[in-house]
Amino acid sequence: AWQDGAFWSIDNRRTFVYKHCRMGRICVEVCSWRDCPEFEMKWKNGLPTRVDMDGGRRVGLCQRLVDIPLPRSPVMHKDYTSVQAYMSEEDQYLHDSALDQLALRRCRAAAFEDEVAASVGVAGKYEALLPNEEWLPATVLRAHADGTFEAQIWRGQSTPFAYPQISPSRLRLATSSMPTPAFAIGDGPALPKCETFVMPPGVRSSLSIPWCALCLAVVGLEARALREHERCQHSQHTFGCLTCG
């Protein structure tokens with residue numbers, strides 16, 4: 001939540017891990033300060049040490065599992081930290097080396113995410129990895145607030161289908177010279193109608209919004225609006241299977 005010129009988190013342990021591991025940009029849910037009393041409670045409890053903690057950017061850590069050595073971290077404030085077992089020098093070196101490699105991968109991933117977001121609507125620039133480990137040409141349609149993208153994927157030249165929530169880790173620059181049909185973004189007639197779509201792993205089977213995969217659009221306020229929309233707008237043969245045709 002936003003307060004006093006900065007964003008603050010109530011999930012201190014997770015935030016410490018993000019900072020220690022140098023994760024860089026992460027996707028979080030932004031809440032209202034007033035709607036969650038825990039923000040104000042932790043804000044007041046931290047007032048006495050906030051100056052010492054670099055304005056909330058460092059932490060005091062208390063080790064609970066003393067049989068598991070902890071790494072030293074620049075995010076810890078030594079005067080407010082109670083650790084009984086640190087990593088050995090050799091383990092700390094290996095740990096820090098792994099963090100350096102992770103930070104480099106995260107930096108490259110963030111740059112790629114920015115590139116994908118800037119390439120919305122560019123036909124055929126990327127390929128998407130399907131759950132069956134097949135790569136197909138893709139056009140990114142939208143960037144979502146949760147860090148995922150909506151993509152239009154092509155099998156051949158005449159079978160487009162939608163991938164409504166694809167992670168950037170499942171996209172790559174196109175390696176095939178296969179041309180991808182161009183189209184206009186939006187709800188106009190230039191947008192091709194997809195014949196099937198990919199449900200990303202982990203997505204709940206129950207609909208949170210009535211989103212039509214054939215129209216690439218929200219069609220109402222409740223799940224039953226989608227059923228009504230399908231009956232009125234689409235014939236049964238339009239719900240083809242990507243595998244069976």
Side-chain angles (χ1 to χ4, degrees), residues 1-118 142-149 165-172 200-204 208:
W2 180 261
Q3 172 76 358
D4 196 31
F7 283 103
W8 297 81
S9 172
I10 55 176
D11 197 342
N12 296 333
R13 295 176 182 86
R14 185 172 300 177
T15 305
F16 165 74
V17 173
Y18 288 151
K19 287 179 174 290
H20 173 73
C21 294
R22 294 149 57 191
M23 297 293 289
R25 183 176 59 204
I26 57 174
C27 292
V28 298
E29 180 182 0
V30 179
C31 305
S32 168
W33 187 276
R34 293 182 178 180
D35 292 345
C36 184
E38 194 171 356
F39 279 110
E40 188 69 20
M41 178 190 70
K42 291 190 174 182
W43 169 268
K44 292 179 178 179
N45 290 343
L47 284 175
T49 59
R50 187 148 299 135
V51 174
D52 293 340
M53 296 297 185
D54 192 20
R57 296 177 179 85
R58 300 175 69 188
V59 298
L61 190 145
C62 181
Q63 185 180 25
R64 302 296 187 188
L65 302 176
V66 296
D67 56 334
I68 301 178
L70 291 178
R72 292 172 174 81
S73 172
V75 187
M76 296 180 187
H77 193 299
K78 64 179 183 178
D79 294 341
Y80 296 90
T81 293
S82 174
V83 175
Q84 300 184 37
Y86 280 112
M87 286 183 174
S88 65
E89 291 187 8
E90 179 180 0
D91 289 342
Q92 181 76 43
Y93 174 80
L94 295 174
H95 177 81
D96 291 342
S97 298
L99 289 187
D100 290 340
Q101 297 175 23
L102 173 62
L104 181 59
R105 292 196 302 270
R106 291 287 299 179
C107 183
R108 290 173 176 170
F112 180 71
E113 292 167 8
D114 290 340
E115 179 186 344
V116 174
R142 296 177 182 84
H144 298 306
D146 63 358
T148 62
F149 296 91
Q165 193 179 21
I166 186 171
S167 167
S169 64
R170 301 186 73 86
L171 292 169
R172 71 181 183 188
V203 173
R204 296 176 298 177
S208 56

Closest contact, heavy atoms only, [X] versus [Y]:
X	Y	value
Ala1	Ser32	CB-C, 4.2 Å
Gln84	Gln63	N-OE1, 2.8 Å
Pro168	Phe149	CB-CE1, 3.9 Å

Does any donor atom in the side chain of [X] or [Y] lie under 3.5 Å from an acceptor atom in the other side chain?
X	Y	value
Ser9	Asp11	no
Asp91	Ser88	yes
Trp43	Gln3	no

Got a second to check how far [X]'s [atom1] is from [Y]'s [atom2], nearest 0.5 Å?
X	Y	atom1	atom2	answer
Asp54	Thr49	CG	OG1	12.0 Å
His20	Leu61	NE2	CG	10.0 Å
Leu70	Arg64	CG	CZ	12.0 Å
Lys42	Leu47	NZ	CG	14.5 Å
Arg50	Asn45	CZ	CG	9.5 Å
Cys31	Phe7	SG	CZ	11.0 Å

Is Gln101 reaching over with its side chain to a backbone N or O of Asp96, donor-acceptor style, under 3.5 angstrom?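 The answer is no, because no donor-acceptor pair under 3.5 Å joins these two groups.
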Are the side chains of [Y] and [X] in contact, using a 4.5 Å heavy-atom criterion?
X	Y	value
Thr148	Ile166	no
Met76	Phe16	yes
Asn12	Val59	no
Trp8	Trp33	yes
Cys62	Thr81	no
Leu102	Arg22	no

Tell me, yes or no, whether the heavy-atom count around Tyr86 atom OH, taken from other residues, nucleotides or ligands under 6.0 Å, exceeds 12.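 Enclosed: over 12 neighbouring heavy atoms sit under 6.0 Å from OH of Tyr86.
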Assess whether atom CZ of Arg172 is packed by more than 12 heavy atoms of other residues, nucleotides or ligands within 6.0 Å.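 Atom CZ in Arg172 is packed in, count exceeds 12.
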Selection residues 48-79 - residue pairs positive for ring-ring contact (aromatic ring centres under 6.0 Å, His included), sequence neighbours left out: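 Non-adjacent pairs meeting ring-ring contact (aromatic ring centres under 6.0 Å, His included): His77-Tyr80.
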Please identify which of these residues, Arg25, Arg108, Arg106, meets the salt bridge (charged side-chain N to carboxylate O under 4.0 Å, His left out) condition with Glu113.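 Looking at Arg25, Arg108, Arg106, the match for Glu113 under the salt bridge (charged side-chain N to carboxylate O under 4.0 Å, His left out) is Arg25.
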Given the rule in the side-chain contact (heavy atoms from CB on, under 4.5 Å) test, do Asp52 and Arg58 qualify, once you have shown the distances and angles that lead to the verdict? CA-CA 8 Å; Asp52 293 340; Arg58 300 175 69 188; over 6 Å; no
Does anything in residues 65-90 pair up under salt bridge (Lys or Arg N to Asp or Glu O under 4.0 Å), and if so which pairs, sequence neighbours excluded?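 Output for this query is empty, none listed.
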